[in-house]
Every structure is written in structure tokens, then in C-alpha cells.
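For reference, the structure is listed below as C-alpha cells.
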There are 4 protein chains.
Amino acid sequence: MRADARRNRERIVEAALGLFTERGAGVSMEEIAQAAGLGVGTLYRHFPDRRALIEEIAQSTLTVLRDHLRAGAAEQVPRWEVLLSMVRHCAGRPLALLSSLPEASPQSDTRQRLIREIHGLLGDIVEQAQQEGSLRRDLTPEQVVGLLNVAICRPGARADDPLTTVMLDGLKAPAP
Amino acid sequence: MRADARRNRERIVEAALGLFTERGAGVSMEEIAQAAGLGVGTLYRHFPDRRALIEEIAQSTLTVLRDHLRAGAAEQVPRWEVLLSMVRHCAGRPLALLSSLPEASPQSDTRQRLIREIHGLLGDIVEQAQQEGSLRRDLTPEQVVGLLNVAICRPGARADDPLTTVMLDGLKAPAP
Amino acid sequence: MRADARRNRERIVEAALGLFTERGAGVSMEEIAQAAGLGVGTLYRHFPDRRALIEEIAQSTLTVLRDHLRAGAAEQVPRWEVLLSMVRHCAGRPLALLSSLPEASPQSDTRQRLIREIHGLLGDIVEQAQQEGSLRRDLTPEQVVGLLNVAICRPGARADDPLTTVMLDGLKAPAP
Amino acid sequence: MRADARRNRERIVEAALGLFTERGAGVSMEEIAQAAGLGVGTLYRHFPDRRALIEEIAQSTLTVLRDHLRAGAAEQVPRWEVLLSMVRHCAGRPLALLSSLPEASPQSDTRQRLIREIHGLLGDIVEQAQQEGSLRRDLTPEQVVGLLNVAICRPGARADDPLTTVMLDGLKAPAP
DNA sequence: CATGAATGAGCTTTCATTCAT
DNA sequence: TATGAATGAAAGCTCATTCAT
């Protein structure tokens with residue numbers, strides 16, 4: 001793939017992610033193309049249809065998250081710190097938004113694989129955090145993942161906003 | 001208004017609320033009408049356009065919430081109980097959805113008044129809960145309101161799901 | 001037909017004629033019914049559909065015109081006076097409007113008969129006016145009829161407005 | 001603008017003008033598009049909505065008329081000839097139709113300016129024709145304009161049909 | 001018999017997608 | 001190859017007409 005083609009592809013993904021985050025699922029292909037400084041034709045050269053574009057956004061966002069988690073998993077710090085780092089990473093990235101896009105429903109294999117990977121990594125971290133005594137024990141890893149998904153991956157979320165703070169406090173293991 | 005007309009109106013609101021909750025803001029008027037067992041024309045006789053329908057849903061949902069809060073405010077129980085009762089009341093009612101509907105942006109006067117009333121009532125309850133020592137003190141009433149809005153008024157929320165539980169624990173005043 | 005039924009029927013025709021004249025062909029059946037102080041149902045009891053209502057308006061307007069022409073034909077006055085009287089009668093009655101209503105196109109037998117009668121009467125008057133030397137001779141009766149139709153049977157026409165005046169002057173036989 | 005796009009735009013205007021002239025204001029956008037050999041979408045790409053299309057037709061028709069009048073105003077011929085030339089130009093162009101289209105009511109600034117210009121030019125010509133003794137003096141320029149509007153700018157008008165002929169005769173100054 | 005609520009075909013408009021330039 | 005014009009299916013909305021009250 002030529003350098004300018006790759007640049008165009010990235011511009012499109014960026015523009016689309018930005019617009020979806022700001023204005024929700026109703027943004028038109030035309031607008032996305034314009035925001036990327038391109039014509040619709042070019043957009044369609046890179047993505048056969050709307051779902052392909054959304055899929056791409058999902059995959060790239062999830063890939064970055066997975067890589068972040070992999071790095072965290074390998075680090076020699078308390079698991080609670082790893083969780084915090086993930087919260088900081090995700091805040092304001094509307095992964096949740098994707099699930100609210102009707103077009104996103106039938107997930108691709110790649111995406112499902114990424115999600116499984118993430119759940120796997122996060123599950124381990126959660127379990128270890130519970131063992132190290134920093135995370136409350138009455139939740140399964142799946143529940144923690146689901147909860148974090150709603151709490152931090154929403155449009156406008158910030159790592160230090162009240163909901164995130166309260167959530168993290170609620171997740172801490174109670175003093176013995 | 002004739003008895004059957006009133007019944008149909010209610011059916012429409014019910015159907016619309018159900019569909020919006022389940023499938024988001026993209027549901028077509030045709031589908032709503034069908035779900036209510038009616039033709040589109042009937043829907044439009046009751047609500048001049050899509051926004052009017054959404055407005056109606058918003059108002060009725062908010063009115064019920066306000067009445068619930070008024071009743072709670074008058075009761076002789078700990079304020080923490082009142083908050084819990086509100087959480088139970090709201091869980092699964094997608095008020096938040098309404099604010100995420102693009103059509104909802106320019107809110108009607110009535111709706112704004114309802115929201116102000118609710119914030120007022122809730123603000124008092126929050127302050128009193130903080131004074132009685134049940135609710136953590138480092139949040140303003142507005143923050144608590146916003147947080148509850150995201151946490152409990154979302155599609156699929158339940159009063160006893162992990163997110164709600166964790167959030168309530170995070171909201172409790174720390175042991176002294 | 002009961003007295004009140006006849007009254008309702010007349011009210012409807014009146015209301016419809018008024019609204020068509022004022023606001024053109026786009027007026028809805030609902031509006032007509034309301035202007036007549038009735039429900040749509042009642043309107044439809046009197047007229048099976050929109051075209052029937054328009055047909056009725058056409059027939060009644062044309063009948064009045066025919067009767068006026070019959071009376072004029074029988075009078076002992078110059079034919080030019082009879083033409084003037086007809087102009088005064090028609091001014092502001094938008095017969096022409098009817099032909100501009102798309103629904104009016106396939107004319108009923110009754111209407112065609114009325115129109116033929118009117119053309120017959122008017123044709124005689126025109127011929128006689130030409131013979132008495134008051135009306136220019138280079139036009140056929142049909143042409144005069146068509147011309148008067150456009151010139152005086154339009155919304156807003158008045159017997160003394162510029163177009164009517166100029167038209168009548170143009171119709172006068174030139175001084176010998 | 002691409003060559004084919006311009007061509008299509010012109011086709012649309014032509015088709016719309018033709019259909020409006022023939023069948024009145026009720027023609028659907030679908031039909032107009034079809035008559036132009038295009039899909040509706042294309043029509044809407046060129047004109048954001050129905051009113052924009054009508055506005056365009058109005059403006060282009062009025063612009064041509066204004067240019068015709070400007071040219072006539074500059075010529076060294078009797079003003080009566082200029083009026084005749086305008087009559088010939090307008091006959092059969094349903095400017096009047098435009099004013100009868102309900103959608104046309106709130107006229108754009110450009111349109112109002114064009115109309116004012118036309119009235120200005122025509123007013124001068126009328127006054128001068130009255131001074132040169134060819135046009136009757138008992139009418140104001142506005143009245144002449146209004147009269148010409150009804151008489152010659154109607155569907156089906158021709159420069160030599162009876163109504164036009166009679167009207168021009170009626171407009172001539174009477175022999176002294 | 002009067003009423004006005006319900007119906008649904010049809011019109012306007014939007015937007016994902018295709019295709020000529 | 002990039003562009004943006006053309007397409008047409010689908011959504012919102014209106015209104016002539018029917019039918020339950």
C-alpha cells in the first residue's frame with residue numbers, strides 16, 4: 001500500500017472516530033469523508049461499506065487496548081495499579097459507543113477474538129488483584145469487565161470524574 | 001378525548017418506550033406504530049412529529065420520577081433509604097437514553113422545569129444524606145445527580161447489578 | 001331531505017367555495033369541514049368524495065350563471081348591457097379556478113350540459129351584440145366566452161378593476 | 001461544476017417548468033425527476049428542497065424577462081413597440097403560475113429585487129408610452145403591470161390569441 | 001345521524017452506495 | 001486513482017377516506 005493511501009486510511013478512521021464520539025451514530029459517510037478532507041469515493045475505496053469502517057474503528061481501538069493490557073500484565077507493579085492505568089487509558093474512548101451503533105451488532109471474528117483476548121487478560125488481572133487484596137472479591141472478572149465498560153468507556157468520560165472516582169472506590173476491597 | 005383514543009395513545013407511548021429502550025433511538029415511526037398495533041397515521045394524530053413523541057415519553061418518565069422523589073422527601077426515613085428507593089425506581093428506565101437522543105437537544109420548557117425540580121429535590125436529599133453521615137461528602141449534589149444518571153438510568157440497568165452495587169458502595173461515607 | 005341536512009350541505013358548499021377561492025386547491029377536507037362547523041364524517045355523508053364536492057360547487061355556480069343568462073336573454077335591453085351584467089355577476093367568482101383544480105378534469109355529464117347551455121346562451125347574446133353594433137365583429141362567440149372566462153372568472157377579479165375595464169373597452173366595436 | 005452536472009441541472013429546470021406549466025403546482029418531485037431522465041436523489045442534490053427548485057425557476061424566468069426589458073428600454077423605437085415585444089416574449093410563460101404556487105409565498109430577496117427591477121423598467125416604459133400617446137392614460141403603471149401579468153403570463157397564452165389581442169386594443173389610447 | 005379517530009397510500013426528503021469523469 | 005454526481009431504497013409526514021363510538 002502506498003504511503004499516501006495509508007495516510008488517507010488513517011485520516012478516515014480518525015475523522016470517523018472523532019465524529020462518532022462527538023455527535024453519535026447518525027453521522028453520514030459524506031461528513032466523515034469531508035472531515036477527513038477526502039471525497040466519498042475515496043472513503044469507499046478504503047472501506048467497502050459503513051460497517052467495514054465501524055469494524056475498523058472497533059478493531060483498532062480494541063487492539064490498542066489489548067496491547068496496553070498486555071504491557072500492563074507484564075509489568076512488575078501491583079495489579080491495582082494496572083487497573084488504574086487501564087481506566088486512565090480508556091476514559092473518554094467510547095468503546096461502549098460502538099456497541100450502541102446498530103450497525104455494529106454482528107461482530108466479526110477478529111473483533112470477537114480481540115474481545116476474548118481482552119477479557120482473558122483483564123480476567124487474570126482482576127483475579128490477581130483480588131488475591132493481592134486490592135479489589136473486592138464478590139465480583140467475577142466478567143462482572144468487573146462489564147462494569148468498567150459502562151463506567152469508563154462512555155463519551156465524555158474522564159479518569160478523574162465523579163463516576164470514575166466513585167466506581168474505583170466501590171471496587172476497592174473493604175478494610176478487613 | 002374518547003376512551004379508545006386514550007388507550008391508543010397510551011399504547012403508543014408504551015410501545016415507543018419499549019422499543020427505544022431495547023433498540024435505541026433509530027427505531028422508525030412505522031415500527032412503533034406496528035408495535036402498538038396501529039397505523040402510522042394514528043401515531044401522527046397523537047403526536048405531530050417524532051420529537052413530540054419523544055417529548056411525551058420524557059415528560060411522563062420524568063413526572064413519575066419527580067412524584068417518587070416528592071413522596072420520598074416527605075417520608076420519615078434515613079435519606080440513604082430514599083436514595084436507595086430512587087435507585088430501585090430508576091433502574092432500567094432509560095432516562096439517560098433520552099438525553100442521548102439527538103432529537104432531544106432543544107428541551108421544552110416543561111421538560112426543563114421537571115429536570116430542575118428533580119435536581120432540586122435530589123439536591124436536598126443528597127445534602128441531608130451527607131449531613132446524616134450516610135453519603136460521602138466530597139461530591140456536590142450536581143455531581144451525584146450526574147453520576148446516578150449515567151449509572152442507573154441506562155438500558156438494561158437493574159437495582160442489583162454489579163455496577164449499581166459497586167456504585168452505591170462507592171457512594172457510602174467511609175467509616176470514620 | 002331534512003331541513004338541517006340541507007342546511008349542512010349548503011354550509012359545506014359555501015365553506016369549500018370560500019376556502020378554494022382564498023387559498024387555492026390545496027385545502028384539506030378536514031379544513032373544509034371545520035370551516036363549515038362540522039366533522040369530516042358529516043362532510044362525507046353529503047359528498048362521497050372530494051371530486052363530488054368540487055362537482056357540486058361547479059354545478060351550483062354554473063347553474064346560477066345559466067339562470068342569470070337566461071334572465072338576461074329574456075330582457076328587453078341592449079345586448080351590451082346583458083354582457084355587462086354578466087361581467088358584474090361573474091367578477092370574483094372563480095369558475096376558472098375549477099378548471100385549475102386537477103380533480104376537476106373529467107367533467108360530469110351534468111356539468112358539460114350546463115356549460116353547453118351557457119355557451120349557447122352566451123353565443124346568442126354575443127351574436128346579437130355584434131349585430132346591434134356594440135361588440136367587435138372579429139371574434140367568434142367561443143372566443144369571447146373563453147376570453148371572458150380568463151378575464152373575469154378569476155380569484156380577486158372585480159367588475160371595475162383595470163383588467164376588466166380594459167377588456168370591455170377592447171371588446172367594444174370600433175367607432176365606424 | 002462538472003459539465004454533465006450542469007446539463008442535468010438545466011434538464012431538471014426545463015422539465016419542472018414544463019410540468020408546472022402543463023399540470024399545475026401539484027406535480028411530484030418524482031415525476032419531475034423522471035421527466036428529466038434522472039433519479040430523485042439527483043434532483044435533491046441540485047435543489048435542497050421543492051421550494052428551492054421553484055425559486056430557481058422563478059429567478060431564471062424573471063431574469064430573462066428583466067434582460068428583455070432592459071434591452072427594449074435601450075432601443076430607439078416607439079414604446080408601444082417595446083410593450084408589444086414584451087407581450088410576445090411573455091406569452092405562454094406562466095410567471096403568474098409562480099405567484100399562484102403556495103410554496104412561492106415567502107419570496108426570496110433576489111426574487112423580490114428582480115420583481116422590483118421589472119416593475120421599475122416596465123413603469124418607465126408605460127409612462128413614456130402614455131406620453132407618446134400610444135397607451136391610454138387612465139391607468140397607473142402598477143395597474144398596467146398587474147393587468148399584463150394576468151393577461152399574458154398564463155398557461156397557454158399566445159401573443160395572438162383573442163384575449164391578448166382584445167387587451168392590447170383596450171390598452172391603446174383612444175383616438176382624440 | 002354526527003363525530004372524530006384510524007387507516008394507509010403517496011409525497012418529500014435523506015443517505016449509503018455505485019459509477020462516470 | 002480520486003472525485004463527487006447519480007441512484008434508489010427507506011424514513012418522516014400528510015391527508016383523502018373509512019369506520020367505530
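Worth knowing before you read on, the calculation uses all heavy atoms, side chains too, and leaves out hydrogens, waters and symmetry mates.
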Euclidean distance, atom [atom1] of residue [X] to atom [atom2] of [N] [Å, nearest integer]:
X       : N      : atom1 : atom2 : result
D:Glu31 : E:dC11 : CD    : P     : 7 Å
C:Arg51 : F:dT17 : CZ    : P     : 10 Å
D:Asn8  : F:dA5  : CG    : C1'   : 8 Å
D:Asp4  : F:dT3  : CG    : C1'   : 12 Å
C:Gln34 : E:dG4  : CD    : P     : 9 Å
A:Asp49 : E:dT17 : CG    : C1'   : 9 Å
D:Ile32 : E:dT12 : CD1   : C1'   : 11 Å
C:Glu30 : E:dG4  : CD    : P     : 9 Å

(request) Tell me which of D:Gly39 and B:Gly41 sits closer to the 5' end of DNA chain F, going by the nucleotide each one is nearest to. (result) D:Gly39

(request) Between D:Leu38 and B:Arg2, name the one whose nearest nucleotide on DNA chain F is closer to the 5' end. (result)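 It is D:Leu38, whose closest nucleotide lies nearer the 5' terminus.
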
(request) Between F:dC15, E:dT7, E:dA5, spot the one nearest the side chain of C:Ser28, thanks. (result)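 Of the candidates, F:dC15 comes closest.
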
[N] OP1/OP2 closer than 4.0 Å to side-chain N/O of [X]:
X       : N      : value
B:Thr42 : E:dA5  : no
B:Arg50 : F:dG12 : yes
C:His46 : E:dC1  : no
B:Tyr44 : F:dC13 : yes
D:Arg45 : F:dA5  : yes

(request) On DNA chain E, check which nucleotide each of D:Arg7 and C:Gly37 is closest to and give me the residue with the more 5' one. (result) C:Gly37

(message) Pick the closest DNA chain E nucleotide for C:Leu43 and for A:Val40 by heavy atoms, then say which residue is nearer the 5' end.
(response)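 Closer to the 5' end of DNA chain E: C:Leu43.
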
(message) Using 0.5 Å steps for rounding, measure from the CZ atom of A:Arg50 to the CD1 atom of A:Ile32.
(response) 5.5 Å

(request) Go ahead and name the base partner of E:dA9; Watson-Crick or wobble counts if both distances stay under 3.5 Å, otherwise write none. (result) F:dT14

(message) Both distances below 3.5 Å, Watson-Crick or wobble geometry, any strand: find the nucleotide opposite E:dT18.
(response) F:dA5

(request) Look at B:Arg2 together with B:Asp4 and state whether they make a salt bridge at an N to O cut-off of under 4.0 Å. (result) yes

Donor-acceptor contact below 3.5 Å, side chain [X] vs main chain [Y]:
X       : Y       : result
C:Glu10 : C:Arg7  : no
B:Thr42 : B:Leu38 : no
C:Gln59 : C:Glu56 : no

